Amino acid sequence: SRWEEEKKEDGVKWTQLEHRGPYFAPPYEPLPENVRFYYDGKPLKLSSAAEEVATFYAKMLDHEYTTKEIFQNNFFHDWRKEMTPEEQEIIQDLSKCDFSEIHKYFVDKSEARKALPKEEKQKLKEEADKIQEEYGFCILDGHREKIGNFKTEPPGLFRGRGDHPKMGMLKKRIMPEDVVINCSKDSKIPEPPEGHKWKEVRFDNTVTWLASWTENIQNTLKYIMLNPSSKLKGEKDWQKYEVARRLKDVVHEIRARYRADWKSKEMKNRQRAVALYFIDKLALRAGNEKEEGETADTVGCCSLRVEHIRLHPRLDGQEHVVELDFLGKDSIRYYNRVSVEKRVFKNLELFVKNKDPSDDLFDRLSTTFLNKHLQHLMDGLTAKVFRTYNASITLQEQLKALTNPDDSVAGKLLSYNRANRAVAVLCNHQRSVPKTFAKSMEILQAKIDAKKKQVEEARQELKKAEDELEDTKDAKAEANVEKKKKLLKRLEEQLARLNVQATDKEENKQIALGTSKLNYLDPRISIAWCKKFGVPIEKIYNKTQREKFAWAIAMANEDFEF
DNA sequence: GGCTCGGACTCAGAAAACTGTTG
DNA sequence: ACAACAGTTTTCTGAGTCCGAGC
């Protein structure tokens, strides 16, 4: 079937690849005459290039970004580069720029789009579908596969995460002349848009991307690649979990080894052993070095600095407590107080000694050195495998501990969510509290209160019916009692379900479950659990997720053990 | 032979788009 | 019946990890 096909030569990813090339962002549409930009209170007609960049800023006006000085400065600097000399002469000060009319124009436009009659919307949908149909698929080794991102990124203002030094810079429009096409030699080579040509067409079957271009902010490559539902991605995903399962077999030896290395005479090895302990116990990321000033200041394990930890010999009744507080990937804060082994604690005291807060905690350690060591311990082992392994094994253990076979499907789903949540907490997957959280929680609480009242009423009615039966002892009264009992039971179940929902919601407030579900949890664990406890897979995975995990659905039965 | 740096890939949360429910 | 809106799914693209080519 789809998941079992002939092996390719080492490093070769496909033998046939055919596609239409990327779908380009639509060209800039100038503003209507009546929508004006004002400088220093006076209307000013901008050149097309300057106007386009102005609209990028205007669109973001009610976003917090535009209040930040770095954003404003970067924007203004790049905007001026797009201006004519005359415009440069006039427009010297961002604070004198008034984009409000332009902003309103786009707000109105988006409102109008939303208010379009049904048929119009339908027409737009059909046009989008046609583009998807034409550009959204490729042929890879005879199979029609969905492409992940078949559109080039439109121009706009760069929005980094966290305190990014480049926020507000102009992201340039991608032209066909910027794009490298990758496909098979004998395929129908994609045509560049009329009057344009590709930067290059190559036939590299050792990579999986269909097209690429260099992005001008960080000067890095961007790719057009396949959708996760594709066979190519699915097999890679499967492989990832197989590596993590192999770690399961040797993790005890590896742990014994790093514990022994806490006493190593080589400082380098000691640091490696303590870092590995963090990676294993706390599921920290490896922490590569980053170029200063190019990105937000974030760290992972190997790049932790002295200022990111505090050592408490004793805290809240626990011994050897390490308090970690740093910004990780995407500038998400990691905060944790964890009691560690005495030897780890003593080592950390040693690593911190005579250092400034901004010095590296593991000054002799790099991710390359760490990964070399791991590779030596197990084929294919790298730092990130520990995250996958610990996430998946945690899910499996939590499911085992939390699932009650006698629960309703809803109850089992709560258990599943809790197991999933334990993993998300471990991996520090957070989200901002949804804007509507408090409100929707109130609504839910009101529902619960109303249901409670109903339950109480039903209880009294039942009591009344029972009293009546006591008096009359007739069949009609008995039937009535049964009826009331049934009603009460149904209402109580409904109440229980609502309570479960409320608990789930509250516990989930700041936790993002999606990332672990999609990237860290071996789907076969979940599928086996569904089969074992009679929970439909659709309750766990939506359509997209089922497509992504098709490989796992095809192979996992209820006996699967990670 | 170690190191740097570009390249290719996975993983990340926010925002937009869509859907289904409710008043 | 229908609009508002809350919840869910999809899209978007930035931010990591890790490898290997080339010096």
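Keep in mind that what you see is a predicted model, and the values were worked out from it rather than measured.
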Q.
Rounded to whole Å, please give me the gap between NZ in A/K151 and P in C/dT11.
A. 9 Å
Q. Closest nucleotide of DNA chain C for A/N227 versus for A/G162: which of these residues is on the 5' side?
A. A/N227
At a cut-off of 3.5 Å, list every protein nitrogen or oxygen paired with a nitrogen or oxygen from nucleotides 4-7 of chain C, distance to 0.1 Å.
| from | atom 1 | to | atom 2 | distance (Å) |
| --- | --- | --- | --- | --- |
| C/dA6 | OP1 | A/K439 | NZ | 3.2 |
| C/dA6 | OP2 | A/K439 | NZ | 3.4 |
| C/dG7 | OP1 | A/K505 | NZ | 3.0 |

Q: Look at all strands and tell whether A/G148 reaches a base, only sugar-phosphate, or nothing, counting heavy atoms closer than 4.0 Å.
A: nothing
Q) What is the distance, rounded to the nearest whole Å, between atom CG of A/N182 and atom C1' of B/dA8? A) 12 Å
(Q) Using side-chain hydrogen bond (donor to acceptor under 3.5 Å, both in side chains), reason through A/N428 and A/Q430 one step at a time and then give a plain yes or no. (A) CA-CA 6 Å; A/N428 199 42; A/Q430 297 188 34; 2.9 Å; yes
Q | Nearest-nucleotide 5' precedence on DNA chain C, A/T295 against A/P154 | A | A/P154
Q | N/O (side chain, A/N542) to phosphate O (OP1/OP2, C/dT9) under 4.0 Å | A | yes
(Q) Salt bridge or not between A/K231 and A/E145? Use side-chain N to carboxylate O under 4.0 Å. (A) no
Q.
Under 4.0 Å, heavy atoms only, any strand: does A/K121 hit a base, just the sugar-phosphate, or nothing?
A. nothing
Q. Under 4.0 Å between a side-chain N or O of A/T368 and OP1 or OP2 of C/dC19?
A. no
Q: For A/G328, report the nucleic acid contact type (base, sugar-phosphate, nothing); a contact means any heavy atom under 4.0 Å.
A: sugar-phosphate
Q. By salt bridge (charged side-chain N to carboxylate O under 4.0 Å, His left out), which residues pair with A/K509, not counting sequence neighbours?
A. A/E506
**Q.** Interatomic distance where CG belongs to A/N371 and C1' belongs to C/dT17 [whole Å]
**A.** 8 Å
Q: Rounded off to whole Å, could you give me the CD-to-P distance for the A/Q239 and C/dC18 pair?
A: 15 Å
Q. A/D280 and A/N390: side-chain donor and acceptor closer than 3.5 Å?
A. yes
**Q.** Flag for A/T382-A/N371: side-chain donor and acceptor within less than 3.5 Å
**A.** no
Q: Decide if the gap between the ring center of A/H164 and the ring center of A/F158 is smaller than 6.0 angstrom.
A: yes
Q: Sequence neighbours left out, what passes side chain to side chain donor-acceptor pair (under 3.5 Å) with A/Y277? Give chain and number order.
A: none
Q.
Regarding A/S184 and A/Q16, do their side chains bring together a donor and an acceptor under 3.5 Å, going by distance alone?
A. no
Q) Heavy atoms under 4.0 Å, any strand shown: does A/T367 hit a base, just sugar-phosphate, or nothing? A) nothing
Q | d(OH, A/Y23; P, C/dC12) in whole Å | A | 12 Å
Q: Scan A/A383 against the nucleic acid and name what it touches under 4.0 Å (heavy atoms): base, sugar-phosphate only, or nothing.
A: sugar-phosphate
Q) Within the distance-only criterion (no hydrogens, no angle test), does the side chain of A/K114 pair as donor or acceptor with the backbone N or O of A/K109 below 3.5 angstrom? A) no
Q: Check every strand shown and say whether A/K517 touches a base, only sugar-phosphate, or nothing at a heavy-atom separation below 4.0 Å.
A: nothing
Q) C/dG16 phosphate, OP1 or OP2: any side-chain N/O from A/N288 under 4.0 angstrom? A) no
Q. How many Å lie between NZ on A/K290 and C1' on B/dC5, as a whole number?
A. 17 Å
Q | With A/K151 via salt bridge (charged side-chain N to carboxylate O under 4.0 Å, His left out) - residues at least two apart | A | none
Q.
How many whole angstroms separate atom CD of A/E547 from atom P of C/dT11?
A. 10 Å
Q: Can you tell me the distance, in whole Å, between the NZ atom of A/K13 and the C1' atom of C/dC19?
A: 11 Å
Q. Taking the six-membered ring of A/Y541, is the NZ or CZ of A/R546 close enough (under 6.0 Å from the centre) and on axis enough (within 45°)?
A. no
Q: With heavy atoms under 4.0 Å as the rule, sort A/P228 into base, sugar-phosphate or nothing.
A: nothing
Q.
Pairing donors with acceptors under 3.5 angstrom, does anything connect the side chains of A/D163 and A/S331?
A. no
Q. Does any residue of residues 201-224 of chain A have a heavy atom under 4.0 Å from DNA chain C, and if so, which ones, in number order?
A. A/Q218, A/K222
Q) Base, backbone or nothing for each nucleotide of nucleotides 10-17 of chain B, written B, S, -, heavy atoms under 4.0 angstrom, 5' to 3'? A) SBSBSS--
**Q.** Ring geometry between A/W551 and A/F549 (parallel below 30°, tilted from 30 to 60°, perpendicular above 60°)
**A.** perpendicular
